[in-house]
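Every chain is numbered from 1 and lettered A, B, ... according to where its sequence line falls, protein lines coming before strand lines.
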Protein chains: 2
Amino acid sequence: MNLKQLSELLGLSQTTVSRALNGYPEVNEATRERVLQAVKETGYRPNKAAQRLATGKAGSIGLVMPTAPDHYSDVHFGEFLTGLGEEAVRHDFHFVIMPADPNDEVGALRRLAISGNVDALFVAYMRAHDPRLPMLKSLSMPFLVHGRSIGSEPDYPYLDIDNEAAFYDAARLLLQLGHTRFALLNGPGHLDFAIRRKNGLVAALAERGLSLPEDCMSHTSMTDELGQSAMERFLQMPERPTAILCSSTVLALGAIRAVNQAGLKLGEDISLIAHDDVLPHLKPENFSVPLTTTRSSLRAAGVRIAQRLIGTVKQDGPFPEQELWKTELIVRASTGPAPRQDQNLGGV
Amino acid sequence: MNLKQLSELLGLSQTTVSRALNGYPEVNEATRERVLQAVKETGYRPNKAAQRLATGKAGSIGLVMPTAPDHYSDVHFGEFLTGLGEEAVRHDFHFVIMPADPNDEVGALRRLAISGNVDALFVAYMRAHDPRLPMLKSLSMPFLVHGRSIGSEPDYPYLDIDNEAAFYDAARLLLQLGHTRFALLNGPGHLDFAIRRKNGLVAALAERGLSLPEDCMSHTSMTDELGQSAMERFLQMPERPTAILCSSTVLALGAIRAVNQAGLKLGEDISLIAHDDVLPHLKPENFSVPLTTTRSSLRAAGVRIAQRLIGTVKQDGPFPEQELWKTELIVRASTGPAPRQDQNLGGV
DNA sequence: TGCTTTTGTCAAAGCGCTTTGGAACGGCGT
DNA sequence: ACGCCGTTCCAAAGCGCTTTGACAAAAGCA
């Protein structure tokens with residue numbers, strides 16, 4: 001069934017049917033109803049390829065999936081993708097996923113853009129001074145970045161969470177509880193979110209005249225194994241930290257294992273706050289000691305990004321704007337007052 | 001730059017240029033060279049949408065991404081997707097990913113098929129008597145399944161690994177080492193691969209007159225946490241198993257944690273063989289006690305599936321066939337002779 | 001030489017949609 | 001009665017490609 005057949009069946013022109021379907025105002029409401037009814041009965045579906053050719057819009061958004069032979073397909077990416085997908089499917093959009101070596105993301109993105117089968121681009125895993133940004137700007141194709149790029153002019157459309165504030169607030173809570181020795185279990189050091197979280201923590205410490213020693217920072221991929229080994233190192237320090245900030249519940253999973261194996265009590269000997277991306281199978285409230293977290297749903301971010309990107313493409317409208325989400329600081333049992341000996345030793 | 005302009009530039013007809021580009025035989029080699037040269041110089045790229053409309057081929061394959069609010073975006077899926085993607089990008093194909101609740105996979109698949117923006121479908125996570133199979137067969141659209149569906153007529157195109165043989169062989173190795181008490185850490189019980197792996201193990205045991213008690217089987221999602229808790233249960237049994245078969249290195253990760261925490265030695269007190277999907281960040285040789293595994297690369301399967309599916313679509317050729325990969329049994333340090341007390345008690 | 005094949009090329013007809021530029025129609029004011 | 005609008009619809013022109021059917025030119029064959 002195609003438009004022509006449908007219009008003949010209705011005794012209308014293709015024009016009118018097309019307009020009825022696409023919500024144009026110049027068609028009589030009664031006529032539109034008839035058309036819609038016929039569509040239901042016949043199960044007519046417009047041919048995507050024809051629509052694309054006619055409108056010049058592909059109805060799809062492109063993204064680069066970081067992947068190399070040794071690259072871990074991480075849960076955060078999957079979770080985010082799910083959000084994107086949920087929204088996309090509602091609008092009959094789809095993605096073109098271009099797998100690419102993380103070292104060639106610029107190239108991959110450019111290839112995607114000129115391939116002509118996407119209307120818009122999405123990028124994530126932002127770094128400081130990210131080289132993709134100037135490229136994207138030169139492209140005259142809508143794009144939206146998840147995160148930001150420290151060191152770049154902030155004149156590009158993005159959706160980000162306020163990482164700095166999140167870890168600043170988390171650190172302040174721990175400071176108020178009397179902690180003075182902090183450690184940071186962070187994501188890869190070149191990524192923007194990791195830099196900002198570190199900055200947030202450092203800023204909060206600086207207000208109290210404290211600083212974060214180099215050996216109390218760990219920058220790794222966010223897997224539980226790496227969380228565990230980093231935490232083990234922290235615990236072996238002569239003056240071990242009592243307050244841990246952690247960039248992911250996945251890292252926290254490993255870290256807590258290390259705490260337990262060291263015979264220490266989470267929430268008593270060690271206080272820990274993790275950032276919670278709301279990964280479905282890793283709920284902070286289900287940890288044996290429920291986790292205090294800074295929370296912001298990765299999946300929700302995916303949905304929102306898809307919304308904005310699709311909106312932009314559909315109405316050929318203004319490029320999407322900047323959006324900064326606050327995280328929620330949710331206090332559970334993994335944080336508590338600094339242990340006694342710490343209070344004795346501690347302070348400024 | 002479009003075909004028309006290019007052909008005018010060359011003083012040829014659109015027909016000839018198109019044919020030269022698409023490798024048709026009826027064009028002079030010298031002419032083809034000229035065309036190719038011009039393409040290089042002008043950077044001409046055929047418009048995808050127009051090609052689609054003209055050929056009726058979308059150049060994309062569809063797949064359903066299982067996702068629900070509580071569904072874990074698992075690493076196995078990501079890893080497989082990476083393989084698919086690598087191959088797809090080589091042929092300028094892309095996927096349409098339709099996220100769907102695992103309970104509505106049939107519906108999602110159908111919607112994908114009639115949406116008209118895919119040429120072929122791919123399905124995974126096969127179950128026994130999988131309801132998607134009859135639906136797919138009725139669809140007259142090429143498809144390929146990863147895995148098989150026990151209980152269904154095996155008349156559909158698939159790529160699978162020989163799960164039964166894998167675990168049969170693994171079990172035999174352990175039997176030869178003198179083990180008699182086995183346990184199975186398996187994936188979700190409704191999935192085909194899990195059923196077959198269990199069958200393989202049971203068959204090997206039966207040859208020795210042994211059987212697998214119900215409480216020595218665990219069927220769960222393949223996360224390390226669940227691997228750990230299941231293993232803990234096994235270890236608390238009065239006559240605890242000494243030989244463990246494990247459906248994923250992710251499960252094994254947790255299981256081994258349980259072994260260590262129980263103060264037992266892997267490869268001495270407990271022998272363990274895991275199936276290794278070759279996840280980049282979970283290499284069995286990097287475990288503190290290197291893991292004996294049955295190996296088959298998930299990513300390679302992705303590549304192969306993309307190859308076959310794309311091949312089928314491109315030449316409109318025969319539907320793809322059936323393919324069964326053998327796994328490799330790779331012996332490392334996590335397997336050893338059954339401990340003494342077991343040999344005394346044990347045997348047929 | 002005259003005939004049929006083969007080779008290399010072309011003009012034109014789609015593919016199924018959107019969109020432009022009218023046209024028909026009835027109601028309105030004058 | 002006339003012209004003028006606003007509404008509702010239409011015919012036809014693309015969008016950029018592939019493919020069919022035809023046709024010269026070159027080649028093969030008797």
Report task. Using a 4.0 Å heavy-atom cut-off across all strands, classify B:Glu26 as base, sugar-phosphate, or nothing. Result -> base
Report task. Using a 4.0 Å heavy-atom cut-off across all strands, classify A:Thr15 as base, sugar-phosphate, or nothing. Result -> base
Query - Test item: B:Val64 and B:Val123 side chains (from C-beta on) under 4.5 Å apart, heavy atoms - result: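 Side chain of B:Val64 against side chain of B:Val123, heavy atoms only: no contact under 4.5 Å found.
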Query raised in the report: Considering residues at least two apart in sequence or located in another chain, which fulfil the salt bridge (Lys or Arg N to Asp or Glu O under 4.0 Å) criterion with A:Asp119?
Result: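 Listed in chain order: nothing, the list is empty.
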Would you indicate which nucleotide in [options] comes nearest to any side-chain atom of [X]?
{"X": "A:Leu3", "options": "C:dT18, C:dT19, C:dA11", "result": "C:dT18"}
{"X": "B:Ser18", "options": "C:dC17, D:dT19, D:dG16", "result": "D:dT19"}
{"X": "A:Ala54", "options": "C:dT19, D:dT19, D:dG14", "result": "D:dG14"}
{"X": "A:Asn28", "options": "C:dG16, D:dC9, C:dC10", "result": "D:dC9"}
{"X": "A:Gln51", "options": "C:dT18, C:dT20, C:dG16", "result": "C:dT18"}
{"X": "B:Arg19", "options": "D:dG16, D:dT18, C:dC10", "result": "C:dC10"}

Report task. Take B:Val39 and B:Val17 through the side chain to side chain contact (heavy atoms under 4.5 Å, CB included) test and state the conclusion after the steps. Result -> CA-CA 10 Å; B:Val39 165; B:Val17 177; 5.9 Å; no
Query - 5' priority, DNA chain C, between B:Thr55 and B:Thr31 [closest heavy atom] - result: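 With B:Thr31 and B:Thr55 compared, the 5'-side residue is B:Thr31.
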Report summary line: In A:Leu121, A:Leu136, A:Val313, the residue satisfying side chain to side chain contact (heavy atoms under 4.5 Å, CB included) with A:Met141 is A:Leu121
